[in-house]
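Beneath this line is the structure, given in structure tokens, with notes to follow.
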Amino acid sequence: SQQGEEDPQALSIQEGENATMNCSYKTSINNLQWYRQNSGRGLVHLILIRSNEREKHSGRLRVTLDTSKKSSSLLITASRAADTASYFCATDAWGGGNKLTFGTGTQLKVEL
Amino acid sequence: DAGVIQSPRHEVTEMGQEVTLRCKPISGHDYLFWYRQTMMRGLELLIYFNNNVPIDDSGMPEDRFSAKMPNASFSTLKIQPSEPRDSAVYFCASSPMTGVDTGELFFGEGSRLTVL
């Protein structure tokens with residue numbers, strides 16, 4: 001079963017707007033990661049946030065983590081058409097071995 | 001570095017045939033993962049290796065699936081016999097895993113398998 005569930009499943013916005021995607025998970029984690037997948041391509045790592053961190057930034061990306069609610073959010077600011085892709089959260093479960101369990105993904109479409 | 005290299009990129013085969021998917025991880029990465037992606041089930045971890053040793057194969061669907069890593073630069077995922085429900089995109093990923101927790105995974109471009 002999926003450890004992470006992303007919300008919304010699909011999101012359509014205009015270029016320049018901000019995009020927010022949410023991820024909920026079920027078990028305690030060591031870290032949570034976000035990945036991007038362009039159509040027909042492999043996944044690309046975006047950012048990693050550890051369980052003792054609450055917020056992290058990387059360029060136009062901002063990730064928050066709330067371990068009490070078992071949730072994370074990914075904010076993409078000033079979105080561009082090139083940001084159109086699917087975005088996945090992935091969790092490294094505490095005591096789960098060195099592996100990631102991926103969520104269901106959010107399909108983001110950024111229109112000109 | 002060329003990144004994780006997978007072959008073939010596309011494979012169409014008939015039910016009952018043997019399928020072999022190949023992966024060359026990034027040099028120096030100790031961990032190798034095989035994932036399967038479908039619309040219905042999303043991304044599922046099939047098996048992963050550490051230093052060429054299988055660590056967790058609990059995600060392998062059934063005995064028709066097998067994976068090997070004979071050396072640090074090569075891994076195969078074999079399906080024998082193949083069935084239409086095996087149709088999916090199969091991803092290989094590697095990781096240097098230098099810390100105590102799971103680090104960044106580097107994915108290949110995937111092998112799209114269609115079983116008729």
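FYI, side chains are in, hydrogens and waters are out, and symmetry mates aren't considered; it's all heavy atoms of this structure. All figures in this text were calculated on a predicted structure; none of them were measured in a lab. Lettering follows sequence order; numbering is per chain, from 1.
- For B:Asp63, the CG atom counts as loosely surrounded, since its 6.0 Å shell holds 12 or fewer non-hydrogen atoms of other residues, nucleotides or ligands.
- When all heavy atoms are compared, the tightest approach of A:Asn98 to B:Tyr31 is OD1-OH, 3.3 Å.
- Note: A:Lys99 NZ to B:Asn50 CG = 13.5 Å, rounded to the nearest 0.5 Å.
- In terms of modelled atom types and a separation under 3.5 Å, the side chain of B:Thr102 and the main chain of A:Leu100 share no donor-acceptor contact.
- Proximity to chain A is limited to the side chain of B:Leu45, based on heavy atoms less than 4.5 angstrom apart.
- Summarising the geometry, atom CD1 belonging to A:Ile47 is positioned 11.5 Å from atom CD belonging to B:Glu104; distances are rounded to the nearest 0.5 Å.
- Heavy atoms from other residues, nucleotides or ligands lying under 6.0 Å from CD of B:Glu14 number 12 at most.
- With a 4.5 angstrom heavy-atom cutoff, B:Gln6 does not touch chain A via any of its atoms.
- The number of heavy atoms from other shown groups lying within 6.0 Å of CZ (A:Arg41) does not exceed 12.
- Using a 4.5 Å cut-off on side-chain heavy atoms (C-beta onward), B:Leu105 and A:His45 make no contact.
- Here the OH-CZ distance, from B:Tyr35 to A:Phe102, works out to 5.0 Å after rounding to the nearest 0.5 Å.
- Neither the backbone nor the side chain of B:Phe106 has a heavy atom closer than 4.5 Å to any heavy atom of chain A.
- Counting non-hydrogen atoms of neighbouring residues, nucleotides and ligands closer than 6.0 angstrom, the CZ atom of B:Arg64 exceeds 12 such neighbours.
- The backbone N or O of A:Gly42 sits less than 3.5 Å from a side-chain atom of B:Glu109, completing a donor-acceptor pair.
- Linking Ile, Leu, Val, Met, Phe, Trp and Tyr residues whenever their side-chain heavy atoms come within less than 4.5 Å places A:Leu46 and A:Leu32 in a single cluster.
- Ranked by heavy-atom pairs under 4.5 Å with chain A, the list B:Phe33, B:Phe91, B:Tyr48 is led by B:Tyr48.
- Other residues, nucleotides and ligands place no more than 12 heavy atoms under 6.0 Å from the CD atom of A:Gln9.
- Atom NZ of A:Lys56 has more than 12 neighbouring heavy atoms from other residues, nucleotides or ligands inside a 6.0 Å radius.
- The local environment of CZ in B:Arg9 is crowded, with over 12 non-hydrogen atoms from other residues, nucleotides or ligands closer than 6.0 Å.
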